[in-house]
Amino acid sequence: MARRKDGEPVTVQSNGGAVRNGGDLVVETLSALGATTVFGIPGQHALGLFDALSRSNLRFISSRVENNSAFAADGFSRATGEVGVLFLSTGPGALTSLAGLQEAYATGVPMVVVASQIPLEGLGARRKGMLHQLDDQKASAANVTKSQRLIQHASGIPSAIQDAWTEAISSPQGPVWVEVPQNVLLDPVLVPPVEDALAEAFDNPPRTELVKEAVKWLAAAQRPAIIAGGGVRRGKAEPWLLSLAEKLRAPVACSPGGNGAFPWQHELSLQSWVEDRYVTEVFEDADVLLVLGSSLGEVTSNYFTLEPRGRIIQVDAEPRVLESNRPALGIRADAGQALAALDSSLDAVLAAGANVPDWHGKTPEQLVKETLTKVQARLDGQDLGRERTFMADIRAAVPDSMQTFWDMTISAYWAWSCWDSREGQFHSAQGAGGLGFGFPGAIGGSVGLESKGLPARVLAVSGDGSAMYSISELATVRQHNLPVTWLIVDDGGYGILREYMQDAFGQATATELARPDFVRLAESFSVPARRVRPEDVREALEDSLAADGPNVVVVETTLKMFAPTHLAT
């Protein structure tokens, strides 16, 4: 039984006879808001939270490292479109989660993070020597969450959790941090059980005068082009993107975060080859470039070599993104609302007649076809047969509707450009770029799909270096018998860093790694595993993806990246 600091037992009971404390208010509010699942790891100051879980219908998924818990909550949200919930213990547990939260923050993933704190009497930077004590714990989360709250009284818990949920789902979406001290979680409460809670996203429509101006530019454009970033997916703007692109007959390329926002095989699709100079040249030649839910950052701008000669319209929910890299007509808005407004407003203008697209004597469709042909010809001129076959075999093995989660590894860098996500969703750690996302992200995605009654099999792809960041989560997939297939591409080191250093300095330093026998290690967790040759990866994945429960496929091979095109400009 929990005890207060004076030693008296906590014995407050509800009408049903269950012990109730501040932790109950947290889980009751989360349940009322629609949460079904919580990720995290128990800790001493957080015991009130976990005690309350035993009296709730929330499912708890315990990871082995807090950073992986954050990645899992992130993957849950990406796979389902719902809020990921993360419980953290004080100090080391909370701090260990921060790299995972950076990815969610950079990518705009809605999460509610509930972290315990030392008792109230220890707050205020007084160094009382309490276990896990930090001078200001929430300050550590300030760089990786939208906002941070400290709850000092149990009666404030329901409203604070509800406000955090509202903020998390309001664009720009992201993780929100809530702290509750140990004694507030444990002490008896007079607040009755939470029966209902409501969180509605703040409206974020585009300004009318900006929509009118953007429509003028687009209707008058002879060479409009579109870059679709991750904001299009977060804003569920895909239908309006398709409609707008077809009305304008504008070529569309997706950033890595926007992969899947536009049909891959569409005659206007430049797919995701944003790192190829031929595609960069299309953007540069556009007289109006519509940038949706993207900062035109490092990768999308082909490493800041993109030099548009036309005008730019930039739509993003995050005001700090607007014009952060290029002067533009900046429209702060949710991408879905902005595209819906642009699409409907364009109808009236086009009905009165509009310019016929003309790319220097070529139709947009011809331009797209020729550009993609040139991209493929550039690849043909390099010794990349192994890599292209390997990626094609993975794509052939994965069912069209299956979601995939990619770590920061050479396979993922290929996938950023060449992966047709079809009816599934493509998820990678391109936001912050940290290692270790793929496997725990897939764990959360699988749990989320299962919670919605959907097929829960997912694929995670890692390198041997990034796999070691989350290898302990083999225990998690086994404990919960989750249908996650983990493809580990083992090249004996940090492959992309090896390649970068060899290209830059003629030799690689500190990139080679001792690593375990991944097959035997997985089997030690009672997770079926196999090692296959690169040419057998398709068959192995087809078998593994059709199996029950978790499994691992290991391929020992060294893959190369296609040659960069930004260095020659």
Side-chain angles (χ1 to χ4, degrees), residues 206 208-229 232 237-255 258 261-274 276-294 296 300-302 306-315 326-331 333 335-336 338-377:
T208 301
E209 70 275 12
L210 295 176
V211 171
K212 290 179 179 179
E213 187 68 13
V215 167
K216 288 180 184 178
W217 290 16
L218 292 170
Q222 287 191 312
R223 298 185 306 281
I226 300 173
I227 296 176
V232 176
E238 295 91 340
W240 296 293
L241 172 61
L242 178 61
S243 176
L244 188 73
E246 290 182 339
K247 288 173 183 176
L248 294 171
R249 291 174 63 198
V252 179
C254 295
S255 72
F262 195 74
W264 191 263
Q265 298 297 341
H266 194 284
E267 61 183 354
L268 292 170
S269 176
L270 288 166
Q271 301 172 358
S272 291
W273 291 100
V274 292
D276 191 281
R277 178 119 282 276
Y278 291 126
V279 174
T280 305
E281 288 169 356
V282 173
F283 299 154
E284 291 178 335
D285 191 36
D287 55 359
V288 176
L289 181 61
L290 177 59
V291 182
L292 301 167
S294 169
L296 284 183
T300 306
S301 66
N302 203 355
L306 173 64
E307 297 284 348
R309 296 185 292 275
R311 296 188 289 185
I312 299 174
I313 302 169
Q314 187 177 20
V315 177
R326 288 286 165 185
L329 177 65
I331 303 177
L339 272 175
L342 290 172
D343 186 54
S344 61
S345 300
L346 197 60
D347 284 334
V349 176
L350 294 180
N355 287 333
V356 176
D358 180 7
W359 290 80
H360 310 292
K362 299 174 184 176
T363 67
E365 296 80 7
Q366 289 172 333
L367 174 74
V368 166
K369 186 176 181 179
E370 290 181 10
T371 301
L372 292 178
T373 297
K374 289 191 289 186
V375 170
Q376 295 305 311

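Counting from 1, the numbers follow the sequence of the chain as shown.
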Salt bridge (charged side-chain N to carboxylate O under 4.0 Å, His left out) involving [X] - partner list, sequence neighbours excluded:
X	value
R249	E365
D285	R223, R309
D343	K247

Kindly give the heavy-atom pair with the smallest separation between [X] and [Y], and that separation in Å.
X	Y	value
W359	A225	CH2-CB, 4.3 Å
Q376	W273	NE2-CZ2, 3.9 Å
A237	G336	CB-CA, 3.5 Å

Can you find a heavy atom in the side chain of [X] that is under 4.5 Å from one in the side chain of [Y]?
X	Y	value
I313	V288	yes
P364	L268	yes
L290	L244	yes

Look only at the side chain of [X] and the backbone of [Y], and say whether a donor-acceptor pair between them is shorter than 3.5 Å.
X	Y	answer
D287	G310	no
S344	A340	yes
Q271	V252	no
S345	L342	no

Can you sort out the partners of F262 under ring pair (Phe, Tyr, Trp, His ring centres under 6.0 Å), two or more places apart, ordered by chain and number?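 Listed in chain order: H266.
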
Which residue pairs pass the salt bridge (charged side-chain N to carboxylate O under 4.0 Å, His left out) test when at least one of the two sits in residues 366-375, sequence neighbours left out?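 Passing the test, one end in residues 366-375: K362-E370.
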
Just grab all the salt bridge (charged side-chain N to carboxylate O under 4.0 Å, His left out) pairs involving residues 264-273, residues at least two apart or on different chains.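 Pairs touching residues 264-273 that pass the test: none.
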
Partners of [X] by side-chain contact (heavy atoms from CB on, under 4.5 Å), sequence neighbours excluded?
X	result
S301	F304, L306
A261	A228, V232, R233, E238, L241, C254
E307	E284, R326
A250	P224, I226, L248

What distance separates [X] [atom1] from [Y] [atom2], expressed to the nearest 0.5 Å?
X	Y	atom1	atom2	result
W264	S272	CH2	OG	4.5 Å
L296	I312	CG	CD1	6.0 Å
L346	W240	CG	CH2	15.5 Å

Which residues satisfy the side-chain hydrogen bond (donor to acceptor under 3.5 Å, both in side chains) test with T280, sequence neighbours excluded?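 Once residues adjacent in sequence are excluded, the partners of T280 under the side-chain hydrogen bond (donor to acceptor under 3.5 Å, both in side chains) criterion are N302.
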
Please say which of L367, V282, V375, I227 ends up in a side chain to side chain contact (heavy atoms under 4.5 Å, CB included) with L270.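 It is V282, the one option of L367, V282, V375, I227 that forms the side chain to side chain contact (heavy atoms under 4.5 Å, CB included) with L270.
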
List, one per line, each side-chain donor-acceptor pair under 3.5 Å for residues 210-221, sequence neighbours excluded.
| unit_1 | atom_1 | unit_2 | atom_2 | d |
| --- | --- | --- | --- | --- |
| E213 | OE2 | W217 | NE1 | 3.0 |

